[in-house]
Amino acid sequence: MGNFWHFGDSFSNAGEVHPSFGFYLSNKLNLKYQYLGISGSSNPMIFSKIIENDFLYKPGDVIFINWSFYHRGWYIDSDGDLKSTNEFFDDDINKF
């Protein structure tokens with residue numbers, strides 16, 4: 001059985017209580033569901049996670065990507081970790 005690799009931000013995951021649409025799609029394709037999304041991720045963070053795991057992909061696997069909002073940025077913190085600028089603003093509060 002191949003793997004269904006699912007990357008993205010919180011919109012790619014319905015939470016631990018309710019499986020996401022990626023989970024149902026993987027079942028439909030008879031693939032093992034591998035969720036590697038991270039809430040608050042920016043597109044560079046999502047892309048970095050995909051590249052970081054490239055040694056795991058095998059022929060027949062599916063890589064499914066939920067891209068994030070284009071306005072989310074990223075930075076590298078003092079520990080050298082890739083972080084999202086999403087923590088600096090709230091879409092519900094910062095209206096223009």
Is any side-chain heavy atom of Lys49 closer than 4.5 Å to a side-chain heavy atom of Ser41?
-> no
Phe23 side chain near Asn27 side chain, heavy-atom distance below 4.5 Å = yes
Inter-residue atom distance Ile46.CD1 - Ile51.CD1, 0.5 Å rounding | 13.0 Å
Does Tyr35 have any side-chain hydrogen bond (donor to acceptor under 3.5 Å, both in side chains) partners at least two apart in sequence or in another chain, and if so, which?
-> Ser12
Distance col, row Ser20:OG vs His6:NE2, nearest 0.5 angstrom, shows 5.0 Å
Going only through I, L, V, M, F, W and Y residues with side-chain contacts under 4.5 Å, is there a path from Ile65 to Met45?
-> no
Exactly one of Lys32, Gln34, Lys58 clears side-chain hydrogen bond (donor to acceptor under 3.5 Å, both in side chains) with Asn3, and that residue is Gln34
Are the side chains of Asp9 and Trp67 in touch, meaning some heavy atoms are under 4.5 Å apart?
-> no
Main-chain N/O of Gly80 paired to Asp77 side chain as donor or acceptor, under 3.5 Å | yes
Are Met1 and Tyr33 linked, directly or through other ILVMFWY residues, by side chains that come within less than 4.5 angstrom of each other?
-> no
Give every residue pair that meets the ring pair (Phe, Tyr, Trp, His ring centres under 6.0 Å) criterion with at least one member in residues 43-63, sequence neighbours excluded.
-> Trp5-Tyr57
Okay, side chain of Asp54, backbone of Ile50: is any donor-acceptor separation there less than 3.5 Å?
-> no
Which residues share a side chain to side chain contact (heavy atoms under 4.5 Å, CB included) with Leu31, sequence neighbours left out | Phe4, Leu29, Val62
